[in-house]
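Numbers restart at 1 for each chain; the letters A, B, ... are given by sequence-line order, proteins then strands.
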There are 2 protein chains.
Amino acid sequence: MTSTSRPSPAQALQTAHADRTAAVQADPAEPRWLSPAEQHLWRTFMRMRQQLDAQLARQIQAESDISIADFSVLVVLTDVPDGRVRVLELARNLQWEKSRLSHHLARMVKRGLIERAECTEDGRGSFVVITDAGRRAIEAAAPRHVELVRTLFFDPLSEEQVTQLTQISERILGAMEGCPEVLPES
Amino acid sequence: MTSTSRPSPAQALQTAHADRTAAVQADPAEPRWLSPAEQHLWRTFMRMRQQLDAQLARQIQAESDISIADFSVLVVLTDVPDGRVRVLELARNLQWEKSRLSHHLARMVKRGLIERAECTEDGRGSFVVITDAGRRAIEAAAPRHVELVRTLFFDPLSEEQVTQLTQISERILGAMEGCPEVLPES
DNA sequence: CCGATCTGGATGACATGTCAACCAAAGAGG
DNA sequence: CCTCTTTGGTTGACATGTCATCCAGATCGG
């Protein structure tokens, strides 16, 4: 424990009223806590992305027969010429764990949005194919969804900010790929 | 259906190879699809926030006894002098649905991280109080968590980008509060 | 004071996600 | 060919989140 009094976790991460700074720290055992400006950004960012997700999920759920998870699966399937993708390819594309994907695909099959097709080249693999119902479902859901993405996400931003946010996202994403701090197995 | 061929939902939202532009559109029935640059940002942004969440969740789960959800509840509790908060206050602070919060608090009680205390001023309300075990748990988890937030989120960004992202987040958040497109009831 | 309504919160049924274990087909290496 | 390991994918148990509903205590209008 250093001589400087240690902030509570709340102060370190979340309070708006903390006025300490992330002072000079030579002690490697003491983590580099967040400065007030950083705390503010972290809070705001998390709140923003959470609200954004919630709104998008609620809207698509309320106004169509599919969930946002269904939607993203169907997007990948409609993006490929024959509406037919290997499961693993899907997993990579969506960055979902294979287990999650497997469960979700099973549910989507049950709802008639997709079907499975066996893979002749590789006996263990299998394909996922979009059904007509699936196609109809996503085509019904997409316009309102895109509209909401635009309303909530793009409309408030200037062109400059769009550029900035692109660079920022790429930066953070790049840093994570380089640093498998806790690697997901993929 | 307009005379211009309509893009697939995938093209509208997700493909990298789409080269159409969000052309002039007078038809209000046709949603304003995303331009290639916008599609790229949307994909990148979503991927970034998803990876970020996943890493943070996995790390805290793996290296401590609490989940990231537990963590955020405990953060609020440690932020207040007596470690004692009304449930509704908690819900507002976390922006969680009350149902979710209720379930989660029940689980946390079962694990001994928090306790409940009755509210004398309001017979139906109740307080949540952090226990010693809860305090110990969050204090154990916080340093590594903050460190990872710093590594993954702040370190890759320049000071300028931190400023930019703060403004961007505030903008989007502000737009959502103004627009109850699909209101959460809160 | 009394019913009508609102509010804070809990609950049950169900959808979704995670982890660990499993399994069979595919590739090594000898 | 015959093991050994890898790989693609599934499964079950369990944690978590959502929706609708319910409930008791507060509040409000008379």
Over how many whole Å does the gap from [X] atom [atom1] to [N] atom [atom2] extend?
X        : N      : atom1 : atom2 : value
B:Lys98  : C:dT11 : NZ    : P     : 13 Å
B:Glu89  : C:dT7  : CD    : C1'   : 16 Å
B:Asp65  : D:dA15 : CG    : P     : 15 Å
B:Arg124 : C:dT7  : CZ    : C1'   : 5 Å
A:Arg86  : D:dG8  : CZ    : P     : 7 Å
B:Gln61  : C:dA20 : CD    : C1'   : 14 Å
B:Gln59  : C:dC19 : CD    : P     : 13 Å
B:Leu113 : D:dT16 : CG    : P     : 11 Å

Got a donor-acceptor pair under 3.5 Å from the side chain of [X] to the base of [N]?
X        : N      : value
B:His103 : C:dG9  : no
B:Ser99  : C:dT11 : yes
A:Arg100 : C:dT18 : no

Please determine whether a side-chain nitrogen or oxygen atom of [X] lies at a distance below 4.0 Å from atom OP1 or OP2 of [N].
X        : N      : answer
B:His104 : D:dT16 : no
A:Arg107 : C:dG17 : yes
A:Arg111 : C:dT16 : yes

Any non-hydrogen side-chain atom of [X] less than 4.5 Å from a side-chain atom of [Y]?
X        : Y        : result
A:Trp33  : B:Glu147 : no
B:Thr44  : B:His40  : yes
A:Thr78  : A:Glu139 : no
B:Leu152 : B:Gln55  : yes
B:Leu94  : B:Ser72  : yes
A:His145 : A:Ile68  : yes

Taking only the side-chain heavy atoms of A:Val87 (C-beta and beyond), determine which of C:dG8, C:dC19, D:dG9 contains the nearest atom. D:dG9

When you measure from the side chain of A:Glu97, which nucleotide among C:dG8, C:dG9, C:dC19 comes out closest? C:dC19

Residue whose nearest DNA chain C nucleotide is more 5′ - B:Leu101 or A:Asp70: B:Leu101

Checking A:His103 against A:Arg100: is there a side-chain donor and acceptor pair closer than 3.5 Å? no

So which of residues 115-123 of chain A are in contact with DNA chain C, with a heavy-atom cut-off of under 4.0 Å? A:Asp122, A:Gly123

